[in-house]
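Positions are given from 1, in the same order as the sequence printed here. Order of listing sets the numbers, starting from 1, for every ligand and every atom in it. Heavy-atom basis, side chains included; hydrogens, waters and symmetry copies ignored.
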Amino acid sequence: MGLKEQGMNEFALLDEKEGIPLFYPYIAPETKDELLETINSRWIGQGPKVDKFEQKFKEKLSSPNKFIATGSGTDSLHLAYILAGIKSGDEVITPVFTCTATNLPLLYEGAIPVFADIDAATMNIDCNDIEKRITSRTKAVVAVDYGGLSANYQKLTEITKKYNLTLISDSAQSIGSKFNNLNSCDYADFTAYSFQAIKTITTADGGMLSIKDHTLYEKAKRLRWFGIDRSLKQLGTWENDIYELGYKYQMNDISASLGLASLNHLEEIIEYRKNLMKIYLENINHPKIQLIGKEDFQGNNCPWLCTILVKENRFNLVKKLRQNGIESAQVHYRNDRYTIFGERRKDLPNMDLLEDQYLVLPLHHKVKQDDCKRICEVINEGW
Ligand SMILES: Cc1ncc(COP(=O)(O)O)c(C=O)c1O
């Protein structure tokens, strides 16, 4: 059940002056200079800053893959699904618990999302629930790094290799996270990132797609721009025929300016977030609370969300936090609750178990360490 069904929608939004909001966009100090340079130049659409942002992002990840910047994480996911050759009637195994943006673009292609259960300790896809859902129509497996916590890419690679499936990572929430010291894009055939307003790095809206197979790079760029080869178009030739369905999924130079400024601070942003998570991990000690990813967040993951399981009266805790000026929310809902995905599934026991328990707490650069300690105290007092 959601907040509204409980008659609690008045708790959903909090003005920052009232207390600690759940999210807050990170804007780097040099953003204004970067933006000024862009708006004083010839290019504000997709131009040199987008190229520079792609290059800098690739360097930050030390990746040999190809990278294309897009208008959003959703655009990146849609392009990944097309490039993976996912077609109408194909089945794709994907987590039931995620932002709807993971799964909606599968419907754009007429594919069938086959929802896998979540792991009860991490809320990521349960790797033990994948194999039994594979059929002759299965084309790909999608993993989401929920809250910044890396999915188990070692197991996912084993399964997808064994059945010759494409592995797609939705890393919208996990820039800066690693699994066994490798980035998700080192494992996945396609990796989608999001720079939407409240993500670890933001470009207001924007995304990135990492592509392992270099032969798909030119096609990816064409699909991002109506199906046209922009480099040929700029030569003024008529070799730029459209022979495949393309989209308008590019990033623009204004967004790239925000991204370039923020990337300068990626390491410190990650460090700050890790330190807040450490405070939550060390200080929340109420017997009715369990932290999602308790083990894994002590390692190489950059937290985007701090998610707790509230074993009793979740909405009483929401109310108490709100009375103390602290915003909290569920953020995502199991995707089979949405009519567009068909009937609610009956074979997802971990999702059923956690559905009425999880709650997300503030974790971002505006949350001070003392705020974080106070949030822990409010929780530990009970509700
Ligand atoms: C897991 C996940 N996937 C995809 C997206 C979509 O990204 P965007 O909003 O940039 O389209 C988001 C966030 O919005 C997300 O959290």
Side-chain angles (χ1 to χ4, degrees), residues 22-26 50 53-54 57 67-82 92-109 113 115-116 118-119 122-125 140-151 153 156 167-177 184-185 188 190-210 224 247-252 254-256 258-259 262 273 292-293 301-307 329-336 338 340-341 351 358 360 363-364:
L22 188 54
F23 295 112
Y24 207 98
Y26 174 84
V50 170
F53 182 56
E54 286 169 348
F57 191 81
F67 287 81
I68 65 161
T70 60
S72 70
T74 314
D75 296 352
S76 299
L77 284 160
H78 188 202
L79 288 178
Y81 299 156
I82 298 169
V92 176
I93 300 174
T94 177
V96 67
F97 182 63
T98 179
C99 173
T100 49
T102 310
N103 292 320
L104 284 171
L106 291 170
L107 302 188
Y108 303 167
E109 293 308 303
F115 291 131
I118 51 168
D119 178 282
T122 62
M123 296 188 88
N124 278 335
I125 194 165
V141 174
V142 181
V144 177
D145 300 338
Y146 171 68
L149 197 72
S150 296
Y153 286 104
L156 288 161
L167 176 57
I168 299 164
S169 165
D170 179 343
S171 294
Q173 307 185 353
S174 61
I175 291 163
S177 295
S184 49
C185 68
F190 301 96
T191 308
Y193 301 90
S194 165
F195 310 114
Q196 171 249 355
I198 54 173
K199 291 290 171 359
T200 302
I201 293 284
T202 181
T203 61
D205 260 317
M208 187 73 80
L209 176 64
S210 147
R224 177 177 63 169
Y247 299 83
K248 192 151 190 275
Y249 279 174
Q250 88 289 2
M251 180 177 276
N252 64 55
I254 292 182
S255 287
L258 270 85
S262 292
R273 287 181 165 271
I292 286 296
N301 286 297
C302 171
W304 183 61
L305 301 174
C306 175
T307 306
Q330 286 162 269
V331 184
H332 301 306
Y333 295 91
R334 57 186 297 170
N335 280 194
D336 64 346
Y338 298 97
I340 195 78
F341 292 116
M351 187 72 255
Y358 67 93
V360 176
L363 193 156
H364 50 81

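- Counting only heavy atoms of the protein, atom 7 (O) of ligand 1 lies nearest to Ser194 OG, 3.3 Å.
- Side-chain atoms of Thr202 never come within 3.5 Å of backbone atoms of Lys199 as a donor-acceptor pair (strictly under, hydrogens ignored).
- The backbone N or O of Pro303 lies less than 3.5 Å from a partner atom in the side chain of Arg273, making a donor-acceptor pair.
- Listed by number with element, the atoms of ligand 1 under 4.0 Å from a non-hydrogen atom of Thr98 are 1 (C).
- Remark: aromatic rings of Phe341 and Phe115 are close, center separation under 6.0 Å.
- In the vicinity of Lys199, heavy-atom distances shorter than 4.0 Å reach the ligand 1 atoms 12 (C), 13 (C), 14 (O), 15 (C), 16 (O).
- Of the N or O atoms in Gln173, one or more lie within a sub-3.5 Å distance of an N or O in ligand 1.
- Among the atoms of Ala172, none of the N or O lies under 3.5 angstrom from an N or O of ligand 1.
- Centroid-to-centroid, the aromatic rings of Tyr108 and Tyr247 stay 6.0 Å apart or farther.
- Proximity annotation for atom 3 (N) of ligand 1: of Val144, Leu305, Asp170, Asp170 comes nearest, heavy atoms only.
- The protein non-hydrogen atom at the shortest distance from atom 11 (O) of ligand 1 is Thr74 OG1, 2.5 Å.
- In this structure, Arg224 contributes its side chain and Met251 its backbone to no donor-acceptor pair below 3.5 Å.
- Contact analysis puts Gly206 in contact with ligand 1, with a non-hydrogen atom separation below 4.0 angstrom.
- The Ala101 neighbourhood of ligand 1 comprises atoms 4 (C), 5 (C), 6 (C), with distances under 4.0 Å to a heavy atom of that residue.
- Note: Phe67 and Phe57 have perpendicular aromatic rings, judged against thresholds of 30 and 60 degrees for the angle between ring planes.
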Show the numbers, then the answer: is there a ring pair (Phe, Tyr, Trp, His ring centres under 6.0 Å) between Phe53 and Phe195?
CA-CA 12 Å; Phe53 182 56; Phe195 310 114; 5.2 Å; yes
